[in-house]
2 protein chains.
Amino acid sequence: MLTKKELKEYCENARENYLPHISIDCVVFGFHEGLMKVLLLKIKNEGGWYLPGGFLLKPEPIEMAANRILKERTGLDEIFLQQFHVFGDPERSKEHFEMYKDMLPAKENWFTNRFLTIGYYALVDFCDVNPAPDQFSAACNWCDLNDLPELKLDHALILKTALDTLRLQLNYQPIGYNLMPREFTMPELQKLYETILDKKLDRRNFQRRMLGFGILNRLEKPRKGGAHKAPYLYSFDLENYKAALTEGFKGGW
Amino acid sequence: MLTKKELKEYCENARENYLPHISIDCVVFGFHEGLMKVLLLKIKNEGGWYLPGGFLLKPEPIEMAANRILKERTGLDEIFLQQFHVFGDPERSKEHFEMYKDMLPAKENWFTNRFLTIGYYALVDFCDVNPAPDQFSAACNWCDLNDLPELKLDHALILKTALDTLRLQLNYQPIGYNLMPREFTMPELQKLYETILDKKLDRRNFQRRMLGFGILNRLEKPRKGGAHKAPYLYSFDLENYKAALTEGFKGGW
DNA sequence: AATGATAGTGTATTATTGACACAAGAGTAA
DNA sequence: TTACTCTTGTGTCAATAATACACTATCATT
């Protein structure tokens, strides 16, 4: 929560630079130690958490705004980002409205406007990210997908929709390039799929199918150090990977 | 193209009632005599065609706006509508901008604003539709998907994206309920699929697969009148159809 | 050297898809 | 009435993909 003065300044700046009524919210998925993580912000002096989001500069392409917002929160450039839905229930930011409505008259109060929010989801390598809170937030954290805190506004819906879309996408597009480190083992990749889908997959069938897609290169060296048989390392064949991204895996009909 | 007076009135009304910077465009697919059709509007005194679209009332849910807009153009209620993408290139409405910029000063000129447009596609039964032009249009017509006129703005992109999304959707969702008459034959349904996908399918395999989904009821009576063997009539099993819509056809993993 | 945990690989079984051919019904023309 | 033509309905075989499952290899630890 901002002070009245901060709020006023923010609103003036916002009205000057951003398109009104439109926001962007990002669901940033990361993967670490076998768990799906989502990047969340904790609002100052408040219980609830939010998805990282922001507004669209007046002359800015949407995609660029989403990238800019993510760069501010994660430090990352060139993120895999996918627009997946617009959320526009007129009541969706009621909580926001209640919170700010008494601090500034409606005419100059940016936050009491109705906002449509464009949902993007991002897949990022957990290790590359430096979570950074914004001026409204006390914290920016990775949270377990299985153990989420209470989300404000409609952000639980946005998160769920993003996850559903991601799971669907798994059926006809490769993922992983943006979630895994450069070099990884087959069991590690399988763990990613199992985590996203929230179900166990057969080791052997997974490997056969995965290799069948032709988007992996097996490296010469194995991963040493574990107390067990050293697994092979793989990396993505970027050319084939990108081709698969645009063409999709199976034709269906 | 409007007169200056009409434009001014329109803009005043729009600024009062609609959210600025946001529009909705609809790609309305119909199916007739073996051809995919799209509903297009022809602007008065101009060469180009547009997708039917409109704006979002200040307190209106997006979905409801899309339905309202479609009802105005087609007379239809309860249409199958699916949001598929937001188009937000800052330059996307440049043509509009050029066209209207000299007629009213920018401050009161609704049409020189930047607009993000939310794309919806609709599947409708061709026969039920009464195309109705709006106040900007000289005509509202079904156009052949294979023989499209020149589309203004980025509407060709919007249409292509809608079609791609529809084709993808065919792989994991049933369609047809909204495009076919209540009763239809298997060859007719097949023709629909062939038209959407723009490729021939095997008659026997199509039937086997289609029936396998369990969303069709075979009716007792055949379709009489043709000069050949009378085909069976089918109707959709609405309950199973709706279940398939939400659950999807094949699990993939 | 034995142990335990994990990785790599192969195979038999079943389900799904794709290609294909023939029989049946309905009008048409002799 | 009968042969003909066109279209629809159905069955089957082969290829392919998905599933279930078992054994061997390797490394670190003891």
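Every chain is numbered from 1, with letters handed out A, B, ... down the list of sequences. Since we're looking at a predicted model, the values are computed, not measured.
- A donor-acceptor contact under 3.5 Å is formed by the side chain of A:Arg204 with the base of D:dA22.
- Both A:Arg208 and B:Pro187 lie near DNA chain D, and the one whose nearest nucleotide falls closer to the 5' end is B:Pro187.
- To the nearest angstrom, C1' of C:dA7 lies 16 Å from CG of A:Leu219.
- In this structure, CD of A:Glu188 is placed 14 Å from P of C:dT6, rounded to the nearest angstrom.
- Per the geometry, CG belonging to A:Asp202 stands 14 Å off P belonging to C:dG8, to the nearest Å.
- A straight line from CG of A:Asn205 to P of C:dG8 spans 15 Å, rounded to a whole angstrom.
- For the pair A:Met210 CE and C:dT9 C1', the interatomic distance rounds to 18 Å; values are reported in whole Å.
- Relative to the ring axis of A:Tyr232, A:Arg218 places its NZ or CZ within 45° and under 6.0 Å from the centre.
- Screening B:Asn67, B:Ile62, B:Leu51 for a side-chain contact (heavy atoms from CB on, under 4.5 Å) with B:Ile24, the sole residue that qualifies is B:Ile62.
- When only modelled atom types and interatomic distance are considered, B:Thr161 and B:Asp164 share no side-chain donor-acceptor pair under 3.5 Å.
- For A:His228 against C:dA5, a side-chain N or O and a base N or O form a donor-acceptor pair under 3.5 Å.
- As a whole-Å value, the separation of B:Gln190 CD from D:dG9 P is 11 Å.
- Nucleotide D:dT7 holds its C1' atom 7 Å from the CZ atom of B:Arg203, rounded to whole Å.
- With distances taken from any side-chain atom of B:Lys229 to the nucleotides D:dT7, C:dA7, D:dA18, the minimum falls on D:dT7.
- Here the C1' atom of nucleotide D:dT8 and the CG atom of B:Leu211 are 13 Å apart, to the nearest Å.
- An OP1 or OP2 oxygen of D:dT10 is reached within less than 4.0 angstrom by a side-chain nitrogen or oxygen of B:Arg218.
- Remark: side-chain polar atoms of B:Ser137 are not paired, donor with acceptor, to backbone N or O of B:Cys140 under 3.5 angstrom.
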